[in-house]
Amino acid sequence: MISDNLQEVQQEIQDSCALVSRSSSEVTLVGVTKSVDTEQTIELANQGLKHLAENRADQFLAKKKEMSHLTDISWHFIGNLQRRKVKSIINEIDYFHALDSLKLANEIQKRAERTIRCFVEVNVSGESSKQGIAYEELEAFIEQLASFDKIKVVGLMTLAPLHSTQKEQHEIFAKLKSLQEMIQEKGLDFAPCTQTSMGMSNDFSVAIQEGATFIRVGTALFKN
Ligand SMILES: *Cc1c(COP(=O)(O)O)cnc(C)c1O
C-alpha cells in the first residue's frame, strides 16, 4: 500500500541521514508518479507528499488538470524535455531537473513568464548513453547561462548508471556534490546552486549519504 511504502521510504531517509549525521529536514522527497495513474498520484498527495514529478509532457498536463483542486502541490519535471514542448510545460512547473543544453535554455528563456528553478543535468559517469552536460564542460556551460534571466540554476542533477555497484554510486554522487559546491562557491546570483538532485528507489540511501537534497523516488512508493 502507498501509505506503508511512503512510511518505509521516510524511515530509510531518516536512517540514511542518521548514518552521516544529517538532519532529514535537509532532504526533500520527490514522488515520481510517471508510471501510475491520476488516482494513485492523488492518493500519494493525500498521504502528505506534496512534491511530485513527471517526465512526459502530455501525461503531466493531463494529471495537473485533473488535480487542480489540490493547490499545494509542487510539480517537478524530471524528463528530457523536447524543445517543442517547452511552451506548454514551462509555466506549469515549479522545478525543472533536466537542463542539459543551450538550445533548451534558449527556448526556456523565450517561453517562460517567470524565473524557472532549474537543475543542470550532469553526466558524471561519462557513459555515452547518458543525458547531461559532461562534467568537464559544466563550468563553461553554467557561465553561459548568465544572460538568461528566466533561468535560475538552483542545483545539479544526475543519475547513476543502471547496474552500478554501491561503490560506483558513492563515487558518482560524491562527484556531483563536489561539482555543486564548486559552482556554489562562485557566488553567482543566477546560479546559487545550493542543491543536488540525486538518488532514486535503488540508490537514494547512498545519495543521501553523499549529500543529496532532493531525491526522486518512484518504484519504491508504488510497489505492491
Ligand atoms: C523514473 C525516474 C526516477 C524514479 O525512478 P525509480 O527507480 O522508479 O525510483 C527518478 N529520476 C528520473 C530522472 C526518472 O526518470
Side-chain angles (χ1 to χ4, degrees), residues 1-13 15-16 27-38 40-41 43-45 47 49-61 63 73-82 85-86 89-90 93-101 104 116-125 127 129-133 135 153-166 168-169 172-173 175-177 180 195-224:
M1 268 187 26
I2 290 175
S3 57
D4 297 334
N5 293 342
L6 179 59
Q7 266 192 12
E8 234 173 79
V9 169
Q10 280 167 336
Q11 187 61 54
E12 191 173 345
I13 292 172
D15 295 346
S16 308
V27 179
T28 300
L29 171 60
V30 180
V32 176
T33 53
K34 65 187 182 193
S35 55
V36 298
D37 60 16
T38 305
Q40 285 178 288
T41 305
E43 193 182 333
L44 183 63
Q47 295 293 329
L49 196 58
K50 304 302 183 188
H51 286 266
L52 303 178
E54 289 281 328
N55 72 340
R56 283 179 39 231
D58 298 343
Q59 176 175 307
F60 160 64
L61 289 173
K63 259 188 200 172
I73 306 283
S74 289
W75 287 104
H76 298 247
F77 199 87
I78 57 173
N80 178 27
L81 180 56
Q82 293 166 290
K85 301 276 188 182
V86 168
I89 293 297
I90 204 72
I93 61 176
D94 298 289
Y95 292 89
F96 178 53
H97 289 247
L99 181 57
D100 65 354
S101 75
L104 184 55
I116 308 298
R117 288 176 281 198
C118 295
F119 288 86
V120 172
E121 183 168 355
V122 187
N123 180 348
V124 178
S125 64
E127 265 192 315
S129 61
K130 276 263 178 293
Q131 306 268 344
I133 303 283
Y135 64 84
V153 179
V154 296
L156 303 182
M157 178 270 205
T158 201
L159 292 105
L162 202 53
H163 299 293
S164 44
T165 63
Q166 275 209 1
E168 289 164 336
Q169 291 163 4
I172 284 165
F173 295 145
K175 175 94 192 202
L176 191 78
K177 181 72 189 166
Q180 173 258 309
Q195 312 295 323
T196 46
S197 168
M198 56 189 192
M200 320 198 324
S201 293
N202 288 328
D203 55 18
F204 74 80
S205 176
V206 176
I208 288 171
Q209 292 168 49
E210 297 298 346
T213 61
F214 286 79
I215 60 172
R216 311 175 310 269
V217 177
T219 319
L221 293 170
F222 296 109
K223 65 182 190 202
N224 289 312

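Each ligand, and each atom within it, is numbered from 1 in the order the structure gives. Note that the structure is predicted; figures quoted are calculated from it, not measured.
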Checklist line | Identified side chain to side chain contact (heavy atoms under 4.5 Å, CB included) partner of Ile208 from the options Ile13, Thr213, Asp15 | finding: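 Of Ile13, Thr213, Asp15, side chain to side chain contact (heavy atoms under 4.5 Å, CB included) with Ile208 is met by Ile13 alone.
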
So, is [X] polar-close to ligand 1, with some N/O to N/O distance under 3.5 Å?
X	answer
Gly218	yes
Ser201	yes
Asn55	no

Item checked: Donor on one side chain, acceptor on other, Ser205 and Gln209, under 3.5 Å ->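 A pair is found: one side chain offers a donor N or O, the other an acceptor, under 3.5 Å apart.
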
Among protein heavy atoms, which sits nearest to [atom], and what does the distance come to when rounded to 0.1 Å?
atom	result
atom 14 (C) of ligand 1	Lys34 NZ, 3.0 Å
atom 5 (O) of ligand 1	Met200 CE, 3.7 Å
atom 12 (C) of ligand 1	Ile78 CD1, 3.6 Å
atom 8 (O) of ligand 1	Thr219 OG1, 2.4 Å

Return all side-chain donor-acceptor pairs below 3.5 angstrom for residues 215-224, not counting sequence neighbours, or 'none' if the list is empty.
unit_1	atom_1	unit_2	atom_2	d
Arg216	NH1	Ser197	O	2.9
Arg216	NH1	Ser197	OG	2.9
Arg216	NH2	Thr158	O	3.3
Lys223	NZ	Glu8	OE1	2.8

Item checked: Over 12 non-hydrogen atoms of neighbours within 6.0 angstrom of CD in Gln166 ->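 No, because the 6.0 Å sphere around CD of Gln166 holds 12 heavy atoms or fewer from other groups.
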
Item checked: Distance filter under 4.0 Å to Val217 heavy atoms, resulting ligand 1 atoms ->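 Listed by number with element: 9 (O).
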
Margin query: Walk me through whether Leu99 and Met157 qualify under side-chain contact (heavy atoms from CB on, under 4.5 Å).
Written below: CA-CA 9 Å; Leu99 181 57; Met157 178 270 205; over 6 Å; no

Note to self: Among Glu54, Arg216, Met157, which one puts a heavy atom closest to atom 4 (C) of ligand 1?
What the structure shows: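 The residue whose heavy atom sits nearest atom 4 (C) of ligand 1 is Arg216.
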
Margin query: Does any part of the side chain of Leu6, heavy atoms only, come nearer than 4.5 Å to the side chain of Leu29, both counted from C-beta?
Written below: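 Leu29 reaches Leu6 side chain to side chain.
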
N/O donor-acceptor pairs under 3.5 Å from side chains in residues 73-82, not counting sequence neighbours:
unit_1	atom_1	unit_2	atom_2	d
His76	ND1	His97	NE2	2.7
His76	NE2	His51	ND1	2.8

